[in-house]
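Report on the structure given below.
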Amino acid sequence: MTTHIFKPDLPAPSRNVGVVGWMRSNLFSSWFNTLMTLAGLYLVWLIIPPLLNWAFIQADWTGDARSDCSREGACWVFIQSRFAQFMYGFYPADLRWRVDLAAVLAVVGAVPLFLKKTPHKARFGIGYLIAYPLIAYWLLHGGFLGMQTVSTSQWGGLMLTIIIAAVGIAGALPLGILLALGRRSEMPAIRVICVTFIEFWRGVPLITVLFMSSVMLPLFLPEGMNLDKLMRAMVMIIFFEAAYIAEVVRGGLQAIPKGQYEAAAAMGLGYWRSMMLVILPQALKLVIPGIVNTFIALFKDTSLVIIIGLFDFLNSIKRATADPAWLGMSTEGYVFAAFVYWIFCFGMSRYSMHLEHKLDRGHKR
Amino acid sequence: MNDMNKQPASADQLMIQMEGVHKWYGQFHVLKDINLNVTQGERIVLCGPSGSGKSTTIRCLNRLEEHQQGRIVVDGHELTNDLKQIETIRSEVGMVFQHFNLFPHLTVLQNCTLAPMWVRKMPKRQAEEIAMQYLERVRIPEQANKYPGQLSGGQQQRVAIARALCMKPKIMLFDEPTSALDPEMVKEVLDTMIGLAQDGMTMLCVTHEMGFARTVANRVIFMDKGEIVEQAAPEKFFTNPENERTQLFLSQILH
Amino acid sequence: MNDMNKQPASADQLMIQMEGVHKWYGQFHVLKDINLNVTQGERIVLCGPSGSGKSTTIRCLNRLEEHQQGRIVVDGHELTNDLKQIETIRSEVGMVFQHFNLFPHLTVLQNCTLAPMWVRKMPKRQAEEIAMQYLERVRIPEQANKYPGQLSGGQQQRVAIARALCMKPKIMLFDEPTSALDPEMVKEVLDTMIGLAQDGMTMLCVTHEMGFARTVANRVIFMDKGEIVEQAAPEKFFTNPENERTQLFLSQILH
Amino acid sequence: ATLDAVKKKGFVQCGISDGLPGFSYADAKGEYKGIDVDVCRAVAAAVFGDASKVKYSALTAKERFTALQSGEVDVLSRNTTWTSSRDAAMGLNFTGVTYYDGQGFLVNKKVGVSSAKELDGATVCIQAGTTTELNLSDYFRANNLQYTPITYDTSDESAKSLESGRCDVLTSDQSQLYAQRIKLASPDDYVVLPEVISKEPLGPSTRQGDEEWFDIVRWSLFAMVNAEELGLTSANVEEMAKTTKNPDVARLLGAEGEYGKDLKLPKDWAVQIVKQVGNYGEVFDRNVGAGSELKIERGLNALWNNGGLQYAPPVR
Amino acid sequence: MRTTSKAAPSAGSYMRDPKVRAWLFQIIAVAAVVGIGWYLFHNTQTNLANRGITSGFGFLNNSAGFGIPQHLIDYTESDSYGRVFWVGLLNTLLVSIVGIVLATILGFILGIARLSPNWLIRKLATVYIETFRNIPPLLQIFFFYFAVLAPLPGPRDSISLWDMFFLNNRGLQMPAPFAAEGMWPFLIALLVAVVAVVVLHRWARLRRHATGERFPVLWTSLGLLIGLPLLAVLAFGAPFHWQVPELQRFNIRGGWVIIPELVSIVLALSIYTAAFIGETVRAGIQSVSHGQTEAAGSLGLRPGQTLRLVIVPQAMRVIIPPLTSQYLNLAKNSSLAAAIGYPDMVSLFAGTVLNQTGQAIETMAITMSVYLAISISISILMNWYNKRIALIER
Ligand SMILES: Nc1ncnc2c1ncn2[C@@H]1O[C@H](COP(=O)(O)OP(=O)(O)OP(=O)(O)O)[C@@H](O)[C@H]1O
Ligand SMILES: Nc1ncnc2c1ncn2[C@@H]1O[C@H](COP(=O)(O)OP(=O)(O)OP(=O)(O)O)[C@@H](O)[C@H]1O
Ligand SMILES: [Mg+2]
Ligand SMILES: [Mg+2]
């Protein structure tokens, strides 16, 4: 009987570990990779220093006219001087606190929904979803309860972009769910109607639809019937996005095992109750990431309202770049716009990835 | 064999009545002229080879499947296309599935109170009391606030039984309640079911657990190819089956 | 024990030679000074606790992993970074994985002819003939035109063996070929491997099937913590191991 | 009918251009100004007695007719050329001419052309969906010249493109060229070529089939022209309404007769127009004439008795 | 086969029969849809009639009278609106097809780069994807058009290559071929070469199957493709005259030109879509387990062969469905061309034609149908391909 004496662990050869090892395996593992690394470095060197130089080092930050800019680098003065317009459009300056307040309320109200330990979360959430739109409408539009009216034609800038996106998703979600249920219905007529609706909206470009809504809609309505232009655009966006949501939700519904439907039926729950209490809560939870992704797409799509002359964020920037006093600021304007859109979309996409991650863990529980 | 096999008290009150029931899946004739009467308190075990139509039979009883010919009467209500009728029957017939089919997004307690609250329109408090009562009955009251995903298979199946009981059904249907379970969990579920049987619940149970059949069944029914081939009291069924197909089946299934 | 344990005919022809092989994963020292010689026709079983480096050892033999120190010579070719060399060695060393790793988009036959046609540049007709030959050898010629997804696990693993054999390798490596299989399928795969052994194939096999090791191995190697702790003929290894680690391991694994 | 609908909703929905100094553009506060805007305001003043009861829809050239046809706007007052096909086939009715214009060319001085005839081979920026687009092709074909058209939706874009050198020349109605020019970073580098290649009577239009509303818009315009001819200004009109002895003035201002009622308008409709918006001369002057940055001569747009073409039928 | 229920159904119980209900519900739904449709139709009819708007498709034969800067088929101002439709449609298809091709190439490169063993390349690909997919495509189009291409020099200061290619703010000008005496021999030689290459491929594969030997197909093909036409040129003279662009008073004229509007829209759309395709490709490749690579390697297949014979065929089945929706998106997004004055379907037909004729309903209906048709065609094509490569399982 012998006892084996294990040899001690030796440190790895230095060329395999540490910075050297990392570089060897990650940057220079073969001649091809070495070449790629050099090409990559060249690319970085080509892009980053001039970009930093333009955006920061040589950029002008203070002043209030075009002449304050040296034009060596970016002229952020332009953004600064038009900032309020980019945010609020032509919303009357003395009433902008209403917009700010609405935004603050949105954030403050939403926080408890994302906290783990909020009591009565569901009830609070539903209350919030019902009450907030009313309050927001009162604050933003006014016209009742002593609030001065600010017509939608004065809305604009980032505020309008966010409103369109928010209303769009709030409307598209319920409609999309109904369409998804309809598409899986056993009644052929309902199925055909839903499929046609979904495929139509997914097949046509949003801008043609927006164009229709903005100038042609009254042609289809009886004379004298008048709908707000913004509202019409929103309706179209809701239909459009609902078609996409429907497909996302359908994926979730398909993932629910048949046993769940049967168990609900066997307990005596009817179609709507089993949907509301059993199937949808599970299906929707599964597709939250998909819904967030649709929302990101929707957020980007709002920029198309520029085509029908609404003064959204992108349009207010585009108009500002056409201002003779600030000619030649296209790059600054578009870079700023890109930055803002990017922040929102990137943030949301990270959130969606986080949710996906969390859901994954939830399933493995 | 033991006292469980005594005939139930009110043998004449029919709970389930199937008369000449036929069913087709498309062109495929699954159920052929099924005739079956179950009186109150009777405990029936259905067995037979795979695909013989056992599941289909009990699924017809609460209209998870529709039969195409013949009559099914459950507790005096005939199963027709009348939604009201179907709802009544479903709320009087509890069903336990092979794969539990608990609702994973609800806690155990919520699983149990869902139907009483929404179908029986029971106040939440009362529904919860009843639910706790039945969870104790299946010996897992301490799991009430967990989610199904956090329980073992045997525990889940017991929750499924409790969930069905919360509707205070007059009849319980079981579709191979133990066949998806690891062997060590089968017993805890069977014990629960034996307990139910002792309380006089009318039960229809598809299972291959022959020990269970021996212990609790009043009658064992053997199906093959969509027909009832033989039915008999368990003593007779296991020791002296009449039909050769039954014999063949038993020889395969008992060791 | 039986005639399979006789020493191979040409015991002096070295097929595999590992000299002082070390390997690290990052800072983690997985293989420590491995020395191993395998002569032609030898059948070696590698065993040892999980994480002891068995897989790593055999994966080093066909450069699925790179060793960092020491020398590995396979059939006279030293393993270096020379791609040509690696290719030669790989086409002479067949490998069978735990999870089969069949190509799901190709039929069984195509799985078997892929490498002969693209690596050995064999005409299609000939490759197919050879493939059918080996499929018969593993007793599934009738599945040749099915896709892997349509086969059972045991059948898939036999296809994987046939696929490796189609390259007419001089050495076969097996990495726990039966551990992903249902018990009833293990035997069919082991039988195939025993058949191979009887034909005199040089084999290195990571497995915990001790029955298999007893039947076919010339030598059993026990590894732990990246080292070869003990190697011996199976009679000796199983009945009278020298090392206390080996004893411990065997006591855990046998019954 | 449109008048009832307008009265019901309480404002006139007016289709204007999406940014053309002098005609319709939003100032830094988002308030609209210009001749076209003033026409809208005049209509509102006539209908409601309040020139501010207007809502504007900024329309691209491409959208404008559809918007009017569909009922999206009540009046289209967007430097629109009066042509036969538009009047007849598109379901529009032109109510009059607010501005007699003609198509011209705007080029960078550096290019060194002094006549449109020298433009062979040029790249030309235009706005899509305009008569300009059609006139241009006629003119170049007639003179056997080559050109490449680049068509944009908005005037901002065409101006930007001229500035960046995407095109050599911008063509549009001359009035617009002057307006575009002041939107350029260095207006002085650009000249308007002398050629006028078309007739461009610009005026407001309404939907066909609603004569009542058509008359209101038409006479709101005529009221301004008549007011100038009669010497009424925003400053003196109220005074004159009370004191006038001139029967023409009295009829126009409602001091005599019920001419407002014929139009289904209040009696003092013209007073309100002139008081709140001004007479045609004032409007012209303020927006495009000497009192503006554009400094366009009256030219064809002088009153008929001053050698121009502006002529309004009498109120009687 | 149906039951005749013995219980006499009461009047109310009919309403509780799910089949009756389903019928009723469907009838109501269909009636509602038809009703709404009729209501809209009726309103439109009345409105059109009241306002004296012409309707019908007769306008398609009228002469258009305006110029179009880019037309793939012959077009003059006197051509009809119907021809404008085709010009617009072809311009849209041009953007879509070129965009799809570029986006696919770029997307596959990105997807592979995301999985590169090289850290730097991996990170660069990630930065690219995260940047471009989170910015609205319209903004990217504006950016390329107004901020990147507009500042290019004017025609006089063009960036030129061999005095044949010119890059300026009017686009990229290049020589255009015109038929010369040698054209037919040249084209025939080219055709023969192409046919020969196809035959050669077939033959080489058969030979490989039969004998296992390789034939240097690539080099022979290239030789054929270049050699045969070259021979034809030597024998019969030059196939084309090249019309080289020349600087004239205003523009560089002659030759072919790629206008900046086209460049902006194609660049923006393919860069945007490539970011999504890159992610799709990465996911597809990652879905193929590492075991497949190892198995292929242990059989002696080279990395290139492994990729071609094992990885890609499996990854494609995961990649195709999302790739299809990306293609659909790109085709639909091509309508954004209207925003910078590229003469596509929307801008020409649903824009200028609509405006010149005032027939909004007809033009919009035609435009939307075209996009629906494009979408459906792409779907059908990709579904067919997807079916072909689907895995067969139990
Ligand atoms: N929805 C369906 N459509 C078509 N055929 C079906 C359907 N459900 C079941 N069948 C077929 O009907 C027959 C009876 O099925 P059933 O599930 O009742 O058998 P079972 O006796 O319960 O078998 P097991 O012991 O396998 O559960 C089987 O042949 C089955 O394939
Ligand atoms: N790619 C890798 N990177 C880092 N560590 C690894 C890697 N592959 C394996 N290891 C580690 O190396 C050790 C040896 O692994 P190996 O797979 O050779 O063990 P094994 O003996 O085959 O075990 P098992 O019986 O579980 O298959 C283990 O501790 C494992 O965690
Ligand atoms: Mg069953
Ligand atoms: Mg291992």
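Quick note on labels: first sequence line is chain A, next is B, and so on, each numbered from 1.
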| Interface moiety of E:I361 toward chain A, non-hydrogen atoms closer than 4.5 Å | both
| field | chain E contact via A:L43 - side chain, backbone, both or neither, heavy atoms under 4.5 Å | value | side chain
| task | Please examine the side chains of A:I190 and E:F25, heavy atoms only from C-beta on, and report whether any two atoms are closer than 4.5 Å. | result | yes
| request: Measure distances from E:L328 to the heavy atoms of chain A and classify the residue's part below 4.5 Å as side chain, backbone, both or neither. | output: neither
| query | Relative to chain A, which of E:W23, E:W119, E:F146, E:F132 shows the most heavy atom pairs under 4.5 Å? | reply | E:W119
| Heavy-atom proximity to chain A below 4.5 Å, by part of E:M368 | both
| message | Ignoring hydrogens, what is the shortest heavy-atom contact between A:F220 and E:L40? Give both atom names and the distance. | response | O-CD2, 3.4 Å
| remark: Distance col, row A:E199:CD vs E:I376:CD1, nearest 0.5 angstrom, shows 8.0 Å
| message | Does any backbone or side-chain atom of E:L354 lie under 4.5 Å from a heavy atom of chain A? Answer side chain, backbone, both or neither. | response | side chain
| field | CH2-CD1 distance between A:W342 and E:I135, expressed to the nearest 0.5 angstrom | value | 8.5 Å
| field | E:S375 versus chain A, the contacting section by heavy-atom distance below 4.5 Å | value | side chain
| query | Looking only at heavy atoms, which two atoms of E:P136 and A:K300 are closest? And how far apart? | reply | CB-O, 3.7 Å
| Part of A:I306 within contact of chain E (heavy atom distance under 4.5 Å) | side chain
| query | Tell me, side chain or backbone of E:N333 under 4.5 Å from chain A's heavy atoms, or both, or neither? | reply | neither
| message | If I measure from the heavy atoms of chain A, does E:S335 come under 4.5 Å with its side chain, its backbone, both, or neither? | response | both
| remark: Nearest heavy-atom approach of A:P205 to E:K332 is CB-O, 3.7 Å
| message | Nearest 0.5 angstrom please: A:R202 CZ to E:L372 CG, how far? | response | 11.5 Å
| query | For A:R350, is it the side chain, the backbone, both, or neither that has a heavy atom closer than 4.5 Å to a heavy atom of chain E? | reply | side chain
| remark: Ranking E:V33, E:L336, E:N329 by heavy-atom pairs under 4.5 Å to chain A gives rank one to E:L336
| task | Using non-hydrogen atoms and a 4.5 Å limit, figure out which bit of E:L139 sits close to chain A: side chain, backbone, both or neither. | result | both
| query | Side chain, backbone, both or neither: which part of A:T37 has a non-hydrogen atom closer than 4.5 Å to chain E? | reply | both
| remark: For A:M36 and E:N118 the tightest heavy-atom approach is CB-ND2, 3.9 Å
| field | Rounded distance [0.5 Å steps], CG in E:L120 versus CG in A:N33 | value | 10.5 Å
| field | Spacing of SG belonging to A:C345 relative to CZ belonging to E:R133, to within rounding of 0.5 Å | value | 10.0 Å
| Interface moiety of A:L314 toward chain E, non-hydrogen atoms closer than 4.5 Å | side chain
| request: Heavy-atom distances under 4.5 Å only: say whether E:S116 touches chain A with side chain, backbone, both or neither. | output: side chain
| query | Relative to chain A, which segment of E:Y272 carries a heavy atom at a distance below 4.5 Å: side chain, backbone, both, or neither? | reply | side chain
| remark: Most heavy-atom pairs under 4.5 Å with chain E, out of A:V204, A:V340, A:T331, A:I343, belong to A:V204
| message | Does the plane of the ring in E:F143 sit parallel, tilted or perpendicular to the ring in A:Y334? Use 30° and 60° as the thresholds. | response | perpendicular
| Non-hydrogen atoms of chain A under 4.5 Å away: do they reach the side chain of E:F276, the backbone, both or neither? | side chain
| remark: In terms of heavy-atom pairs under 4.5 Å with chain E, the winner among A:T302, A:I193, A:D301, A:V44 is A:I193
| Given a strict heavy-atom distance threshold of 4.5 Å, which part of A:F197 is in contact with chain E: side chain, backbone, both, or neither? | neither
| query | What part of A:V192 is in contact with chain E, defined as an atom under 4.5 angstrom from a non-hydrogen atom: side chain, backbone, both or neither? | reply | neither
| query | Is it the side chain or the backbone of E:V30 that comes within 4.5 Å of chain A heavy atoms, both, or neither? | reply | both
| Heavy-atom distance under 4.5 Å to chain E: side chain of A:F211, backbone, both or neither? | side chain
| field | Spatial distance of atom OG (A:S185) from atom CD (E:Q26) [nearest 0.5 Å] | value | 7.0 Å
